[in-house]
Amino acid sequence: MGKGGCGIFAYVNHGVGRSQRFIVDALVTGLRRLEYRGYDSAGLSLDRVPSLKAASTGSNGHGAGHGGAGQGGSAPLVFRATGKVDALVACVESTGPTSGLAWEVELDFHAGIAHTRWATHGPPLPKNAHPHVSDSGHAFVVVHNGIITNHAPLREMLQRHGFVFESDTDTEVIPKLAKYLYDSFPPTPDNSPRLSFLQLVQLVVRELDGAYALIFKSSHYPGELVAAKRGSPLLLAIRDPAAADAATAAAAAAAGEHLQQRSNSSGGSGGAATGAADGVLATADSHDRPAMTQRPRPGKRRRADQIEFFLASDASAVIEHTKKVVVLEDDDCVHLAGGSYAVYRLQRGGPPAADGAPAPASAFLSGDGADAHGGVLLNPPATVHRVIQTLELEVEQIMRGKWDHFMAKEIHEQPDSLRQTMRGRVISPGPACPAGRIQLGGISGFVGAIRRSRRIMFIACGSSFHGCLAVRPLVEELTELPVQLELASDFLDRRCPVFRGDTCVFVSQSGETADTLRALEYAKSAGALCVGVVNAVGSAIARATDCGIHINAGAEIGVASTKAYTSQIVSLVMMALLLSEDSASKATRRAEIIAALQTLPDAVADVLRLDAQIRVLATSLVKEQSMLVFGRGWNYATALEAALKVKEVALMHSEGILAGEMKHGPLALVDASLPLLCVATSDGHLAKMESVCEQLRARGGRIILMVDDARGRLAQAAGSTPDGASRVLVVPRTVDCLQSVVNAVPLQLLAYHLTVLRGHNVDRACPRPSVLPPCLHALLRFYLTRMTMPHAEPRNLAKSVTVE
Ligand code: AGP
């Protein structure tokens, strides 16, 4: 049923000859880039060769080739498989040629769609994988990321009308509803559809409650796709082959004029919609150091003879093809046809009744069909202008390079990602400013308003919440404002009181986390000043906040947050410094922190040298069932974050515990069998931490220490494990409020090595069948495709959790 972080992808080639092998490869590669969002099943749909010939030999224009399409052998092919994208590839390779796929046949015009799924409900079985279809003839084929909350009544209605459902998903109502509505409007005498594909999708989407990014494909509209978005991310990417092949930037820029947006006769940009677009751009501009630049609005309107389009859940899936993207807004609908695209604004609610009042949402599902709604259908929605933006993401950022796993790559990238986060923002001391200063363009206009707040609330989930926890003491110290931390889901569950005088800071790597996004909407409606601290540029949270800081850690692909976490801490530290800039009493402290920020990447590079030692430590822990991590003060967050990492990727129980709470219950668990990791680096709480360690040791606890002083009392008493692994991790020392950045890194490495040693998939945290001998591998695949095996399913979060 619901999907947490599925990925959807589409590839359209127009006037560019592409073999079916190329098209399948393009779809599969797109899915691989999105696999971190979901990976329990995957699917794709493309056309059979005969239907494409019919489409491509007709007019190339929008709506051409309708006649006769959808009949006989024109049903799109659909391939679905349980497991990762590799399983889908195997399925297409083995069944494609007998199903109508002709690898080497070149198609000048084609529209294919694909999906990778992460299910929160319903087993990952082929029948639940996307694309979902309307009927055995595949008249409509749909991929979906999100959740349709009113799928049950829609399913009942469609079943009453004779539709037979094959899956347990909410999505399947969508293609079936499309067919039901299409069939309600019989074709014209010359057998053309009475509705455009756009109009049809508009009618379908009106009936859907919940969140979605949807792509529709249909045998009735060959070569066309329609996509719609509400609440789940979606972008359109445009590749002009001529521009891509041009040798010079100037040629590329000139060719960019081909990338035109269609406009319908209803009059170009609608007022409200245009306003929304401007709002988005204003927001993007207001965050400093945006990772996208924007193209000027195109002046001419014409179709390109040769063009390729991509639709994707995020930029990592398109960056190897093009950097030109249009980020879609909620209620946008994109129609790709005849080598051009148009973005429309969809209206929520049912079609207007005669008196102008909105009709009940499902009024036209009564079976009255065209008579009741023909008037509405003749009025397509207004187009809206969306600026083509240029991604400043590099392909290397989304490739593993020399690393075995993205998690390893991203852990080791941290010296650079931290430099990137601080670049141009931490200004070194100089004659004009002896103590140095912080420059954050994205919030500079709001510093006064934030300082005048009655309180600052930090709202986030998971690691992002831990990032806030790590910096809370510093924000309190430097701003002297009350600071409240909120897990987004709890904040929403409690309907936490929020007031106009509050500043709410939303911290998120992806910028799409549903709980955080809903909390943002809630805080906005209460009139709070909303600040985003987000890694993914152009994401929903980045766009919806009043101002913000881009974390600038670079693309993070591994499911575990690593470099984004440390860059979040640094971003929030910079924010605290900026907010206290006027305070003379804090000047010395600020100067100390600014100096430490400048050497922080080197300290992180130093701590990464512990990698080999940590691997040995992980080997000594690999068979453990559980581990406790103790920290306090500046490192309470470190303890929680370390435990989350171990749980999430190593699939081993672990709890982060505030050391001050040790005597209030957790002590009862301590004996010689349970590993206890104690973060005891030097800060104002060290003496208390030492005392906790002594009490744990007195109970026979197996302590592993993290210290910054190898000659300190604790380190001297630590000893080593029976197999010789040192029980002491000595990390470089930095200023107290940044020590959590340094300390997080070895614990990320520990989680990483534990995961590899335990035979799990690091980047996705599911058991890795490839470590099995081939016969067991085959057996496991057999069971995976036939039954639900709870221990063999992905058990961790998807990278981006886009449903609550
Ligand atoms: C961290 O390793 C996790 N993947 C998870 O806790 C994550 O931090 C959380 O889901 C929030 O995601 P966000 O930062 O993208 O909002």
Side-chain angles (χ1 to χ4, degrees), residues 4-5 36-39 118 120 232-233 313-314 316 405-408 410-411 414 458-470 485-492 504-520 532-542 544-545 548-569 571-572 637-638 640-652 654 656 744-745 747-752 754-755 760-766 794-804:
Y36 72 92
R37 302 176 68 90
Y39 39 79
W118 178 72
T120 52
S232 298
S313 299
D314 70 49
S316 59
H405 304 99
F406 281 109
M407 185 175 176
E410 289 159 5
I411 291 172
Q414 287 176 105
F458 287 94
I459 302 156
C461 302
S463 294
S464 297
F465 176 82
H466 298 158
C468 302
L469 181 63
L485 293 189
E486 293 287 346
L487 284 162
S489 55
D490 189 46
F491 174 83
L492 286 167
C504 293
V505 183
F506 297 87
V507 182
S508 174
Q509 188 286 129
S510 62
E512 302 285 352
T513 301
D515 287 316
T516 312
L517 194 52
R518 298 290 95 77
L520 165 58
V533 180
V534 175
N535 196 37
V537 177
S539 58
I541 293 173
T545 38
I549 305 169
H550 281 302
I551 292 166
N552 278 336
E556 191 180 68
I557 309 288
V559 76
S561 183
T562 53
K563 62 177 183 173
Y565 174 71
T566 49
S567 283
Q568 279 167 346
I569 295 177
S571 299
L572 293 171
T638 311
L640 297 188
E641 177 62 6
L644 177 62
K645 287 286 153 295
V646 169
K647 268 188 275 215
E648 185 183 33
V649 290
L651 308 185
M652 174 171 144
S654 183
V745 176
L747 302 177
Q748 295 166 352
L749 287 169
L750 181 63
Y752 171 76
L754 271 175
T755 310
H760 303 315
N761 185 327
V762 177
D763 291 327
R764 303 192 178 102
C766 52
R795 289 186 285 182
N796 69 319
L797 292 173
K799 177 72 179 162
S800 174
V801 186
T802 53
V803 295
E804 285 175 64

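Residue numbers count from 1 along this sequence. Just follow the structure's listing: the first ligand is 1, and inside any ligand the first atom is 1.
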Asks: Looking only at side-chain N and O atoms, does S654 offer a donor or acceptor that is under 3.5 Å from a partner on K645?
Replies: no
Asks: If only atom types and distance count, is the side chain of N535 paired as donor or acceptor with the main-chain N or O of G554 below 3.5 Å?
Replies: yes
Asks: Could you tell me which atoms of ligand 1, counted from 1 in the order shown, lie closer than 4.0 angstrom to a heavy atom of S510?
Replies: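 The list of qualifying atoms is 13 (P), 15 (O), 16 (O).
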Asks: Give the atom numbers and elements of ligand 1 that come within less than 4.0 Å of a heavy atom of V559.
Replies: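 Matching atoms, with element in brackets: 2 (O), 4 (N).
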Asks: Does N535 come within less than 4.0 angstrom of ligand 1, counting non-hydrogen atoms of the residue?
Replies: no
Asks: Looking only at heavy atoms, what is the nearest atom pair of S567 and I551, with distance?
Replies: CB-CG2, 3.3 Å
Asks: With a cut-off of 4.0 Å, which atoms of ligand 1 are near a heavy atom of T513?
Replies: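 Answer, ordered by atom number: 12 (O), 13 (P), 15 (O), 16 (O).
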Asks: Can you list the ligand 1 atoms lying under 4.0 Å from a non-hydrogen atom of S464?
Replies: 8 (O), 13 (P), 14 (O)
Asks: Below 4.0 angstrom from a heavy atom of L644, which ligand 1 atoms are there? Numbered from 1 as shown, please.
Replies: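 It comes down to these atoms of ligand 1: 6 (O).
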Asks: Could you pull out, from C461, S539, A751, the option with a heavy atom nearest to atom 11 (C) of ligand 1?
Replies: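 When every heavy atom of C461, S539, A751 is considered, C461 comes closest to atom 11 (C) of ligand 1.
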Asks: Can you list the atoms of ligand 1 that are under 4.0 Å from a heavy atom of A560?
Replies: 2 (O)
Asks: With a 4.5 Å limit on heavy-atom distance, are the side chains of D515 and R518 in contact?
Replies: no
Asks: Have a look at S508, S463, G558 and point out the one with the heavy atom closest to atom 7 (C) of ligand 1.
Replies: S463
Asks: Within the 3.5 Å criterion, strictly below it, is a donor on S464 or Q509 matched to an acceptor on the partner's side chain?
Replies: no
Asks: Any atoms of ligand 1 less than 4.0 Å from a non-hydrogen atom of S561? List them with their elements.
Replies: 1 (C), 2 (O)
Asks: Can you find a side-chain donor-acceptor pair between T566 and Q414 that sits under 3.5 Å?
Replies: yes
Asks: Within the side chain of E556, is there an N or O that forms a donor-acceptor pair under 3.5 Å with the backbone of K563?
Replies: yes
Asks: For residues A542 and A536, report the shortest heavy-atom separation together with the two atoms involved.
Replies: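 Between these two residues, the closest heavy atoms are CB-O, 4.2 Å.
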Asks: Just going by heavy-atom distances, which of E648, K647, Q509, Q748 is nearest to atom 4 (N) of ligand 1?
Replies: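 Minimum heavy-atom distance to atom 4 (N) of ligand 1 goes to E648.
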Asks: Pairs of nitrogen or oxygen atoms closer than 3.5 Å, one from T516 and one from ligand 1: do any exist?
Replies: no
Asks: Going by heavy atoms, is K645 under 4.0 Å from ligand 1?
Replies: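 K645 counts as a contact of ligand 1 under the 4.0 Å cut-off.
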Asks: With a 3.5 Å distance limit and no angle check, can you tell me whether Q568 reaches the backbone of C468 through a side-chain donor-acceptor pair?
Replies: no
